Amino acid sequence: MNAANGLAMYTETRAQANTIEVEEYAGLVKRIAHHMMLRMPASVQVDDLIQAGMIGLLEAAQKYDGSKGASFETYAGIRIRGAIVDEMRRGDWAPRSVHRNARRVSEALGRVEAREGRDAEDAEVAAELGVGLDEYYAMLRDTNSSRLFSYEETFADDASASLAGEGDEFANPQEGFTRESLKRSLSQAITLLPEREKLVLALYYDEELNLKEIGQILGVSESRVSQIHSQAASRLRAKLSDWTLGD
């Protein structure tokens, strides 16, 4: 289903969406959907994400309050990402074997790096796992369908609630402190990554580029970008093993 069809399905809902012209933000939904494809399994089609994102856009149009200080595009982006994550979670899109392999890769990375005292190379991790390099890369591709950081959805929910003026009355100081501690630990762990992995994460999360765009910058294929991203995620899981970062 493309963006136009997704909007047509929800015309009745759109009519109630304040004065926001949601058609103007269809491109935002498509951009976010293509961006998030990096973390999805091969079975997921970009149109599935666009359809879910349209629901998030319409909800954003209904709930947006300009007096909170954020632009509609900022608020809508949070809602769109949240709707896509919610839809994928409902679909049980990450099989148990994917999470298991993600843990295996992270543990193997941790063992190699503890033993060698440096960043683990691809071939070393594959040998630690007892698999060939091609199979190791296949495992990395599979882990794209596992959440990179379990806190990511929670932070998005917090930001959305804050912009909407929701939930402040029941804020949990201890929970907030824990999240801030995790963010600091994550930031520190990212500084310890190999330069290419840091660059991919920066281009993906900070600049919000998609696979093709990152590949053009690095001069590598989209599949190689995916491998680098997955390796970075596994390395971070290993470095942050004291935190629960997803099963």
Side-chain angles (χ1 to χ4, degrees), residues 1-11 13-14 17 20-61 72-95 97-99 101-102 137-150 152-153 155-157 159-160 200-218 220-233 246:
M1 176 179 295
N2 58 32
N5 288 338
L7 283 171
M9 287 179 59
Y10 302 102
T11 299
T13 304
R14 183 185 60 78
I20 299 294
E21 295 294 334
V22 292
E23 292 92 340
E24 297 179 8
Y25 296 92
L28 176 63
V29 175
K30 294 178 68 174
R31 178 166 59 81
I32 291 174
H34 281 279
H35 182 252
M36 294 185 71
M37 278 297 292
L38 176 57
R39 285 174 283 171
M40 301 298 162
S43 59
V44 173
Q45 301 296 312
V46 69
D47 285 347
D48 298 330
L49 306 190
I50 291 173
Q51 182 176 351
M54 286 300 175
I55 295 174
L57 174 61
L58 291 166
E59 290 175 347
F72 176 73
E73 183 169 345
T74 297
Y75 179 71
I78 293 170
R79 288 285 183 176
I80 291 165
R81 288 181 179 86
I84 290 173
V85 168
D86 286 345
E87 180 61 26
M88 294 301 101
R89 188 195 299 121
R90 281 194 295 269
D92 191 23
W93 48 276
S97 60
V98 167
H99 297 303
N101 281 338
Y137 286 146
M139 292 172 70
L140 285 179
R141 285 195 301 273
D142 287 343
T143 62
N144 278 337
S145 62
S146 177
R147 289 175 296 175
L148 177 52
F149 311 123
S150 64
E152 191 172 5
E153 298 165 25
F155 287 168
D157 290 343
S160 180
V200 166
L201 292 184
L203 292 173
Y204 181 75
Y205 290 100
D206 296 336
E207 302 300 325
E208 297 193 347
L209 302 185
N210 58 36
L211 279 175
K212 182 177 180 180
E213 292 167 335
I214 296 172
Q216 290 173 341
I217 291 173
L218 297 183
V220 299
S221 67
E222 293 182 36
S223 62
R224 182 55 183 154
V225 173
S226 180
Q227 289 171 4
I228 295 170
H229 177 276
S230 296
Q231 182 111 354

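No experiment lies behind these values; they were computed from the predicted model shown. In what follows, residues are counted from 1 in the order of the sequence shown. The figures that follow rest on heavy atoms only: side chains count, while hydrogens, waters and symmetry mates do not.
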Close side-chain approach of Glu59 to Ile55, heavy-atom, < 4.5 Å: yes
Contacts of type ring-ring contact (aromatic ring centres under 6.0 Å, His included), residue Tyr204, not counting sequence neighbours: His35, His229
Euclidean distance, Asn101 CG relative to Met139 CE, rounded to 0.5 Å: 4.0 Å
Approximate separation, where rounding is to 0.5 Å, of Leu211 CG and His34 NE2: 11.5 Å
Trace of the side-chain contact (heavy atoms from CB on, under 4.5 Å) decision for Ile214 with Ile228: CA-CA 11 Å; Ile214 296 172; Ile228 295 170; over 6 Å; no
Which atom of Ala33 lies closest to which atom of Ile84, heavy atoms considered: CA-CD1, 4.3 Å
Separation between CD of Gln51 and CG of Asp47, rounded to the nearest 0.5 Å: 8.5 Å
Shortest non-hydrogen contact from Ser230 toward Leu140: OG-O, 2.8 Å
Whether Glu213 side chain and Asn210 backbone form a donor-acceptor pair below 3.5 Å: yes
Gln231 vs Gln227, side-chain contact (heavy atoms from CB on, under 4.5 Å): CA-CA, chis, key distance, verdict: CA-CA 6 Å; Gln231 182 111 354; Gln227 289 171 4; over 6 Å; no
Pairing residues for Glu24 by the side chain to side chain contact (heavy atoms under 4.5 Å, CB included) criterion, not counting sequence neighbours: Glu21
Spacing of Met37 atom CE and Leu49 atom CG [to the nearest 0.5 Å]: 6.0 Å
Glu222: partners by side chain to side chain donor-acceptor pair (under 3.5 Å), with sequence neighbours left out: none
Tyr25 OH to Met54 CE distance, which is reported to the nearest 0.5 Å: 13.5 Å
Residues forming a side chain to side chain contact (heavy atoms under 4.5 Å, CB included) with Ala76, sequence neighbours excluded: Leu28, Leu57, Ala60, Phe72, Ile80
Heavy-atom pair of closest approach, residues Arg79 and Gly56: CB-O, 3.5 Å
Side chain to side chain contact (heavy atoms under 4.5 Å, CB included) partners for Ser223, two or more places apart: Ser221
For Arg31, all residues meeting salt bridge (charged side-chain N to carboxylate O under 4.0 Å, His left out), sequence neighbours excluded: Glu73, Glu208
Side-chain heavy atoms of Val85 within contact of Met36, under 4.5 Å: yes
